[in-house]
2 protein chains.
Amino acid sequence: MKRGEAERILREQRARVTPQRVAILRAVESSGSHPDADAVYRQVSRGHPHISRDTVYRTLSMMEEKGIIGSVLSVGNSKRYDPVTTKHHHLVCIRCKKILDFSAKEFDRLEPPAKMVSRFQVLRTTVQVEGVCEDCRNRKKT
Amino acid sequence: MKRGEAERILREQRARVTPQRVAILRAVESSGSHPDADAVYRQVSRGHPHISRDTVYRTLSMMEEKGIIGSVLSVGNSKRYDPVTTKHHHLVCIRCKKILDFSAKEFDRLEPPAKMVSRFQVLRTTVQVEGVCEDCRNRKKT
DNA sequence: TTACCAGATTGGATTTTTTCCTATATTCAA
DNA sequence: TTGAATATAGGAAAAAATCCAATCTGGTAA
């Protein structure tokens, strides 16, 4: 990540530029992987020994909302189980965390690229659709 | 869920049949949704006021491993961020929780069924492939 | 440039979610 | 029926995320 780029990205999104935010964004970008909040906290702590965890959590989720960074799909903070074991896919409401099942033959046939399959023992392939459900859309948006 | 079915399923999987397990499986099946462990605990507590959370957590994850119940994809216990914001998909190792990105044009074109889209404001559609990575396969399996 | 103030941060407490641990109890095969 | 392997309860602890009040700061308007 080039010098000044983090600042530019934040300004583009009309987010205040603070040293903490710059450091957090750089930490995610330079991780080269898929860090969790604590990994970002540990990395940023090196240069900002007094940064608080709250800042890291708040900032990461702000950046995700603004599309500055991405995330791997998860639903709220707890693991969710499913009585249905046949092949199906999930719609997840990002507001209320409701999960709806759906089936679509087209999605059931997906085959991960051969290159992956040779190195990775594939157990399950599912499609996750994130969005906002009808109920939440009818409530006034935050 | 029919009488005796939970017991049958457990026996089929060579899992000991205990009243707690039967109650937990029934709770998931009858939830009609995607409960988290605490919701299952609260439901099962009605009939088993002394059940411990540990039993619920342990049993749910045992049942998931045996394929008795499913789950919505998650990666370990913490939210994972991603520096990459362009469209891509994820391979997740269920052992070490490593996440690998991959791209596949075929996957990028997926459109959720029209019926869903009309009710649900779709923000993102991604494919998650779960499996075991090369490193973990080379280690002896548990 | 300065002063203001909306918004950001800190540090610590708190909540939520999950796991660990040990004594006791139970399942089921023989 | 009994013994060994396995499961459970209950409570402590760890891990993950959030809350909150006091303080500070970035950006802008004068």
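Convention: sequence-line order gives letters A, B, ...; per-chain numbering from 1. Side chains included, hydrogens not; waters and symmetry mates left out as well; all remaining heavy atoms used.
The nucleotide whose nearest atom lies closest to any side-chain atom of R16(B) is, among dA5(D), dT18(D), dG26(D), dA5(D). Of the candidate nucleotides dT9(C), dC20(D), dA9(D), dA9(D) has the atom nearest to the side chain of I51(B). Looking at the side chain of H50(B), the nearest of the listed nucleotides dT18(C), dA9(D), dG26(D) is dA9(D). When each of dA7(D), dG27(D), dA8(C) is scored by its nearest atom to the side-chain atoms of V17(A), the top-ranked nucleotide is dG27(D). With dG10(D), dT8(D), dC28(C) as the candidates, the nucleotide lying closest to the side chain of S52(B) is dG10(D). Between dT17(C), dT8(D), dC19(D), one nucleotide has an atom nearer to the side chain of N77(A) than all others, and that is dT17(C). Considering only the side chain of T18(A), dA8(C) comes nearest among dA8(C), dA17(D), dG27(D).
No side-chain donor from either of T55(A) and Q20(A) sits under 3.5 Å from a side-chain acceptor of the other.
Contact between the side-chain N/O atoms of Q20(A) and the OP1/OP2 oxygens of dT25(D) is not found at any separation under 4.0 Å.
Distance, R53(B) CZ to dA7(D) P: 22 Å, rounded to whole Å. Atom OH in Y41(B) sits about 16 Å away from atom P in dT19(C), given to the nearest Å. Whole-Å rounding puts the R58(A) CZ to dA16(D) C1' distance at 16 Å. The nearest whole Å value for the distance from the OH atom in Y57(B) to the P atom in dA16(D) is 13 Å. In this structure, I24(A) atom CD1 and dT9(C) atom C1' are separated by 10 Å, rounded to whole Å. Look at NE2 on H48(A): it is 13 Å from P on dG11(C), rounded to the nearest Å. Taking atom CG of D54(A) as the reference point, atom C1' of dT15(C) lies 13 Å away to the nearest angstrom. One interatomic measurement links the two molecules: CD of Q13(A) to P of dG27(D), which rounds to 15 Å at whole-angstrom precision.
Contact annotation for R11(A): backbone-only contact, meaning every heavy-atom pair under 4.0 Å involves sugar-phosphate atoms and none involves a base. No contact: D38(A) has no heavy atom under 4.0 Å from any strand.
Annotation: R119(A), atom CZ; neighbour count of heavy atoms from other residues, nucleotides and ligands within 6.0 Å does not exceed 12.
In this structure, CZ in R80(B) is found 9.5 Å from NE2 in H90(B), a value given to the nearest 0.5 Å.
Both A37(A) and R21(B) lie close to DNA chain D; mapped to their nearest nucleotides by heavy-atom distance, the more 5′-ward contact belongs to R21(B). Residues K79(A) and P49(A) each lie close to DNA chain C; by heavy-atom proximity, the contact nearer the 5' end of the strand is made by P49(A).
When side chains are defined from C-beta on, D82(A) does not count as touching S71(B), because their heavy atoms never get closer than 4.5 Å.
Just one of R95(B), K98(B), K97(B) meets the salt bridge (Lys or Arg N to Asp or Glu O under 4.0 Å) condition when paired with D135(B); it is K98(B).
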